[in-house]
Asks: 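Have a look at the structure that comes next, please.
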Amino acid sequence: MNLTFLGAAREVTGSCFLIEAAGQRFLVDCGMFQGGMEAYRKNRARPRFDAREIDFVLLTHAHIDHSGLLPRLTKLGFRGAIYATRATCDLLEVMLPDAAFLQEREAERGRGRAEPLYTVADAQATLRQLRAIDYDLACDVRPGIRCRFRDAGHILGSSIIELWLTEGDSTRKIVFSGDIGQKGRPIVNDPTPIEAADVLIVESTYGNRLHRSLEDTEEELAAILNDTLGHRRGNVVIPAFAVGRTQEILHVLTDLLRRGRIRRRFPVYVDSPMATRATEVTLKHEKLVDAETRTLLAWQRQAGAAGLDVHFTESTEESRRLNDIRYGAVIISASGMCDAGRIRHHLRHNLPRAGSAIVISGFQAAGTLGRRLVDGARGVRIFREEVPVHARIHTVGGLSAHADRQGLTDWLSGFSDAPEHVYVVHGEVTAALDFAAHVSARFGWTTSVPAAGQIVSLDAPRAGRISAVT
Ligand code: ZN
């Protein structure tokens, strides 16, 4: 049995792993690369496999860097099932057609020089290939291939995938961490501990960093809101992933209001139709959210005018009207890395305003507009126009959907035996290498940081191999 690292190898985006075992070829995740021309090129490169020969896909969660190339896989002839949790399937219904729409529009803007990566029709076809699987139930997807989805606590529906691959009389257990959430975060549960794996593939987005605590982050956000909406008379613009982050921000704002931490009333505009749909999906899966969130939802329902004053804008007309608001509003919009979507209009209008504040709360990949803002650019280009940056840029770290080094270490502590091999993926090269070194030092496990295209064997080490090495 073999594993090929096709994406998220020494980088954060483009998660995709090919497994050949038990006479089947299948993928774990099929994500889009994000950030700059290099990503554009990789998304369009011919895959290293024949899509028609992929038997099925296991999907850890709905984020585009894990799911965004599924419609392309379908377009290239993949006809198998895509297994994911029910909530992930619901989120994909919102996200994939939207991603396809963006691709179509981008191709139009290029005046037909490039055909879209895939179309809305391709995305619709992909949705018909989805098969929902419940958390925690072992499922034999093919003879010799058993899988189990466990809650990863990253976004709604996110999972760690446990895989048991059987060839002859030998069974190997492979675990894909997917994206691991930070304990105690809003909305989602804590990541499920896993006890054993022969081979572990673990993410490392923040493998060399420690987040600020959620409490500190909430206080920081309260200070920014009181300051900006108060005497600075500006707006607070929050670029946020439509799925996950937007709902967390709403959660934190509601909680701050409930605890009396914000001095004045203010309207919140969620300006992203996809975020609106994703919020609906979250409410539909209320059983999956954590207990604190259920309590807060109950409070918001009872609070009436004292609750959070949220408006979900739909039409571009409504969205455009937000540009006329000079001060006093909170605008949450996508994309989270500022390189597409309505957020760019809000940045264009608010970046030049000294009173406004931009709150960056998520990971910003190299090459994105969000990263340039975080890096302190004095001016940026938006819609082929030079926009000066006078607004204050705040980076708040504690809301990350990813566990930090401590969170990842805590999750790894759940393993009762050492995995034979740990592959560290889904991190920029420094983060991945640092985290691999940390895991080796802390647990004494064998780790490596695979490169894109690398193929490794998942077979049991042959008897005597270790003594041959020593
Ligand atoms: Zn993710």
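In each ligand, atom 1 is the first atom listed, and ligand 1 is the first ligand listed. These numbers come from a predicted model, not from an experiment.
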Asks: Strictly by modelled atom types, are Thr85 and Thr88 linked by a side-chain donor-acceptor pair under 3.5 Å?
Replies: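 Yes, side-chain donor-acceptor contact under 3.5 Å.
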
Asks: Run the side chain to side chain contact (heavy atoms under 4.5 Å, CB included) test against Ala437 and tell me which residues pass, sequence neighbours left out.
Replies: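 Residues passing side chain to side chain contact (heavy atoms under 4.5 Å, CB included) with Ala437: none at all.
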
Asks: Can you check whether Phe363 and His402 have ring centres sitting under 6.0 Å from each other?
Replies: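 Ring centroids of Phe363 and His402 are no less than 6.0 Å from each other.
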
Asks: Between Arg371 and Asp375, does any side-chain N to carboxylate O distance fall below 4.0 Å?
Replies: yes

Asks: Strictly under 6.0 Å, is that where the ring centroids of Phe26 and Phe56 end up?
Replies: yes

Asks: Can we say Arg277 and Glu280 salt-bridge, meaning some charged N sits less than 4.0 Å from an Asp/Glu carboxylate O?
Replies: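 Counted as a salt bridge, because a side-chain N and a carboxylate O are separated by less than 4.0 Å.
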
Asks: Anything protein N, O or S sitting under 2.8 Å from the Zn ion (ligand 1): count it and give me the total.
Replies: 4

